[in-house]
Amino acid sequence: MAWSVPAARRLRIRVHGAVQGVGFRPQVYRLATALGLSGSVRNARDGVQIEAQGTDDALEALLAGLRRLPPPVRVAGLECDCVPPAGDDGFVIAPSETGPGAALPLPDLAPCADCLAELRDPADRRHAYPFLSCTACGPRYSIIDALPYDRERTAMAAFTPCAACAAEYADPLSRRFQHQANACPACGPRLTFCNAAGTERAQDGRALAAAAAVLRAGGIV
Ligand SMILES: [Zn+2]
Ligand SMILES: [Zn+2]
């Protein structure tokens, strides 16, 4: 009798809930890669769709891991179907399914502790940068034009990431991996202070100081 290797199984998993704009895809990528699974994850119209292929143990560990992801991720439901195995080349984050959707749009999230530490660190490249954020925090609802949540459908589409931000976006170990709103002072939005006629008077920290001065003097900003 010949040796037989246990056949790999492939699951199509549809995940519903607060799963877009919360760093969900990067976390699935890290989980699946660590478990040696192949397949893909992508934003779908009604949540996130995962295709995962591997041993039963690894697939069960993936499902358990998905249920344990911490807030702001909120998994409201999981649907699994067995589908025929495919010849993947590893595990990838695939392009989003587009069209009218029913995924839960997320509220904006207050800065996380890691981002606040960068904001206050004079040696950090985002020191005093008011628009810093990561997959755990930052704007969502206020910048989204349409779902699925990808940069090209947000107000961030106007800002082309610099090389440093693009490197973070591509790095599975960065907390800005696949972070749609990634930005820094070199490439992202900046504060501008204008007078009532719309003439620009100051930028960045000086813009903030100018606005504060007007407020202190009893003015309206
Ligand atoms: Zn953050
Ligand atoms: Zn940048």
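Only heavy atoms go into these numbers, but all of them, side chains included; no hydrogens, no water, no symmetry mates. Counting convention: from 1, in listed order, for ligands and their atoms alike.
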Note to self: Does atom CZ (R206) have a neighbourhood of more than 12 heavy atoms from anything else shown, all under 6.0 Å?
What the structure shows: no
Note to self: I want to verify a count. Protein N, O or S atoms less than 2.8 Å away from the Zn ion (ligand 2), how many are there?
What the structure shows: 4
Next item on the list: Please examine the side chains of Q20 and S96, heavy atoms only from C-beta on, and report whether any two atoms are closer than 4.5 Å.
Entry: no
Item checked: Min side-chain heavy-atom separation R175-C115 under 4.5 Å -> yes
Checklist line | For the Zn ion (ligand 1): protein N/O/S atoms at distances below 2.8 Å | finding: 4
Notebook entry, point to check: Would you say Y169 and Q180 make side-chain contact, with heavy atoms under 4.5 Å?
Noted result: yes
Note to self: In the structure I gave you, are the side-chain heavy atoms of P70 and Q27 within less than 4.5 Å of one another anywhere?
What the structure shows: yes
Item checked: Sub-4.5 Å side-chain heavy-atom contact between P130 and L191 -> yes
Item checked: Side chain to side chain, V75 and L69, heavy atoms closer than 4.5 Å -> no
Check: Can R190 and D204 be counted as an ion pair, charged N to O under 4.0 angstrom?
Finding: yes
Checklist line | I50 side chain near L66 side chain, heavy-atom distance below 4.5 Å | finding: yes
